[in-house]
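Protein chains get the first letters and strands the later ones, always in sequence-line order, with residue 1 at the start of each.
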There are 2 protein chains.
Amino acid sequence: MRPAPERRREILDTAAEVFAAQGYDATTVRRIADAAGLLAGSLYYHFDSKESMLDEILRAFLDELWARYDAVLAALLGPRETLEALVTESFREIDRHRAAVAIYQKESGHLREQPRFGYLAGSQRRFEEAWLTTLERGAAAGVFRTDLDVRLTYRFVRDTVWVAASWYRPGGQHSPEEIARQYLSMVLEGVALRDGHRTYERRTKKE
Amino acid sequence: MRPAPERRREILDTAAEVFAAQGYDATTVRRIADAAGLLAGSLYYHFDSKESMLDEILRAFLDELWARYDAVLAALLGPRETLEALVTESFREIDRHRAAVAIYQKESGHLREQPRFGYLAGSQRRFEEAWLTTLERGAAAGVFRTDLDVRLTYRFVRDTVWVAASWYRPGGQHSPEEIARQYLSMVLEGVALRDGHRTYERRTKKE
DNA sequence: CTCCTTCCCTAACAAGTGTTTGGTAGGTTA
DNA sequence: TAACCTACCAAACACTTGTTAGGGAAGGAG
């Protein structure tokens with residue numbers, strides 16, 4: 001027998017990759033099996049349904065994400081530092097779970113209505129609350145602007161970060177931290193040039 | 001006989017709505033027919049395939065979008081004014097073609113590889129070029145920052161605008177122009193508060 | 001009235017779907 | 001050696017999918 005206790009994880013990663021590329025519904029179990037190097041029926045030795053694979057992928061992603069987010073929130077940083085930390089952690093998460101994030105982005109909208117995936121709605125509520133309170137704290141403390149609609153700002157920051165999963169490829173030109181830094185600079189300072197504005201120093205690309 | 005020369009358009013709008021909500025592959029022709037008030041087979045009197053419906057929806061959207069974009073680009077405005085006009089037109093397009101935009105966002109990634117939808121890749125190229133040159137013009141003219149990666153900035157602005165289709169609902173609290181104004185303010189000036197920063201005046205909501 | 005066109009229905013089709021069942025090669029344990 | 005377990009295959013299952021063929025009701029045109 002070969003080693004293969006991690007064969008399950010291997011298949012799951014393959015499935016995530018295919019789901020992210022083709023969409024969940026457009027992906028057949030035979031396609032997954034092909035990419036993983038076995039036959040369709042054999043998948044059911046490891047998983048009890050296609051839906052279970054999706055469920056496991058999303059749960060693993062959200063669990064890890066919330067572990068990081070909770071650590072940031074528990075540190076009780078200032079609003080600006082909290083925002084910076086959340087954004088940075090988000091990009092790191094995209095770096096580690098790119099496929100899962102892409103799937104979440106594409107499918108969570110209509111999966112939320114299925115009872116089995118109800119936890120997606122719960123997660124989104126927590127998500128929204130964490131960001132909104134951070135933004136409101138910042139507005140109250142005078143570090144963020146107060147002339148913007150907070151919910152609009154929330155969606156702006158949230159989308160800005162997470163859609164990066166659609167184009168980000170690990171091992172690319174910029175590290176997750178570098179991307180986070182530039183994104184934060186844009187979100188916080190804007191892209192327009194102002195007098196005396198030159199706070200951001202470009203880094204050389206890695207390797 | 002009832003009037004109904006626009007019955008075709010009616011069905012197509014319904015299809016777009018369902019595609020946007022459930023995803024193209026997850027949508028069955030029976031579901032579309034249900035929502036449109038006829039039986040599945042009857043759809044084939046108006047259209048010759050499910051794929052044709054998708055094709056027609058996306059083409060109509062892109063045609064209208066490019067008509068507006070070309071008008072903006074032909075006006076030869078300054079870089080900042082061009083960016084503002086492009087963003088505003090984009091939000092107007094989301095207002096008019098919300099479903100089509102949402103479909104485009106979700107499906108264009110893997111549709112692009114199909115020969116029939118090759119024009120999606122072409123459109124994206126033109127899209128990218130229009131935004132990149134605007135940003136580069138602005139950087140050269142000293143109205144945009146030069147310390148940011150241009151391609152990163154491009155994706156930032158692009159995604160920021162178009163993902164709004166996932167949450168925007170026409171007839172909501174803010175008009176497209178109002179959303180465009182706040183988004184532009186965030187993108188250009190940033191969300192951080194600075195001394196003497198109070199250029200943006202909040203509008204009262206409509207109605 | 002009759003003919004014709006428009007728009008839809010009924011009923012079925014073949015292909016593809018997720019999933020199950022029974023079997024089996026080959027290593028591990030006794 | 002024999003019993004056992006893991007990880008897979010082969011073949012089929014019931015069902016759903018997009019699509020087609022033939023027919024028919026309703027109104028306009030002659």
Side-chain angles (χ1 to χ4, degrees), chain A residues 1-59 99 103 106-107 110-111 113-117, chain B residues 1-59 99 103 106-107 110-111 113-117:
Chain A
M1 281 264 99
R2 277 175 303 160
E6 73 282 357
R7 178 67 167 139
R8 182 192 169 85
R9 171 62 52 104
E10 197 179 321
I11 295 174
L12 206 57
D13 286 347
T14 305
E17 222 59 55
V18 185
F19 285 158
Q22 325 232 348
Y24 172 73
D25 290 282
T27 300
T28 71
V29 294
R30 285 165 235 270
R31 178 86 183 69
I32 298 173
D34 249 37
L38 38 69
L39 291 189
S42 308
L43 288 173
Y44 292 80
Y45 171 75
H46 298 279
F47 309 93
D48 48 60
S49 73
K50 178 188 175 189
E51 205 179 71
S52 292
M53 299 190 217
L54 177 62
D55 190 54
E56 206 166 323
I57 291 167
L58 292 177
R59 285 199 129 97
I103 297 169
K106 266 193 227 173
E107 318 285 352
H110 61 272
L111 285 179
E113 286 153 29
Q114 255 169 284
R116 173 166 196 176
F117 294 94
Chain B
M1 283 263 97
R2 276 176 303 158
E6 75 281 357
R7 178 67 167 140
R8 183 192 169 86
R9 171 62 52 105
E10 196 179 323
I11 294 174
L12 205 58
D13 286 347
T14 306
E17 221 60 55
V18 184
F19 285 157
Q22 324 233 347
Y24 172 73
D25 289 283
T27 300
T28 71
V29 294
R30 286 166 235 270
R31 177 85 183 70
I32 298 172
D34 249 37
L38 38 68
L39 290 190
S42 307
L43 288 174
Y44 291 79
Y45 171 76
H46 299 278
F47 309 94
D48 48 59
S49 74
K50 179 189 175 189
E51 206 180 70
S52 290
M53 297 189 218
L54 177 63
D55 190 53
E56 205 166 324
I57 291 167
L58 291 176
R59 286 200 130 95
I103 297 168
K106 265 193 227 171
E107 317 285 351
H110 61 271
L111 284 180
E113 287 153 28
Q114 255 169 284
R116 172 166 196 177
F117 294 95

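Heavy-atom minimum distance, I11(B) versus A36(B): CG1-CB, 4.3 Å. Minimum interatomic distance between K50(B) and D25(B) (heavy atoms only, all atoms of both residues): NZ-O, 4.0 Å.
Ion pair E56(A)/R59(A) not flagged as a salt bridge, since none of the NZ, NE, NH1 or NH2 atoms sits closer than 4.0 Å to an Asp/Glu carboxylate oxygen.
In this structure, L43(A) places its CG atom 12 Å from P of dT20(C), rounding to the nearest Å. Whole-Å rounding puts the R7(A) CZ to dG26(C) P distance at 17 Å. Nucleotide dG18(C) holds its P atom 9 Å from the CG atom of D25(A), rounded to whole Å. Atom-to-atom, CG of D34(A) to C1' of dG16(C) comes out at 15 Å; the value is rounded to the nearest Å. L39(A) has its CG atom 10 Å from the P atom of dC8(D), to the nearest Å. Atom CE in M53(B) sits about 13 Å away from atom C1' in dT17(D), given to the nearest Å. Straight-line distance from the CZ atom of F47(B) to the C1' atom of dC7(C): 13 Å, rounded to whole Å. Residue L38(B) contributes atom CG, which lies 14 Å from atom C1' of dT10(C) at whole-angstrom precision.
Distance from the side chain of Y44(A) is smallest to dT19(C) among dT19(C), dT19(D), dC8(C). In the set dC8(D), dT19(D), dG18(C), dT19(D) carries the atom at the smallest distance from any side-chain atom of R30(B). Candidate nucleotides dC9(D), dA12(C), dT6(D) were compared by shortest atom distance to the side chain of Y45(A), and dT6(D) ranks first. In this structure, of dT19(C), dC9(D), dG18(D), it is dT19(C) that holds the atom nearest to the side chain of V29(A). Nearest nucleotide to the side chain of S42(B), out of dT20(D), dC8(C), dT20(C): dC8(C).
Atom CG of L12(A) is separated from atom CD of E17(A) by 11.0 Å, given to the nearest 0.5 angstrom.
Nearest-nucleotide mapping onto DNA chain D: of I11(A) and E51(B), the residue sitting toward the 5' end is I11(A). Looking at which nucleotide of DNA chain C each of G41(A) and T28(A) is closest to, the 5′-most match is held by T28(A).
Contacts of T27(A) with the nucleic acid, taken as non-hydrogen atoms under 4.0 Å apart, involve only primed sugar atoms and P, OP1 or OP2.
Between H46(A) and the phosphate of dC8(D), there is a side-chain N or O to OP1/OP2 separation shorter than 4.0 Å.
By the 4.5 Å heavy-atom criterion applied to side chains, L58(B) and E107(B) are not counted as neighbours.
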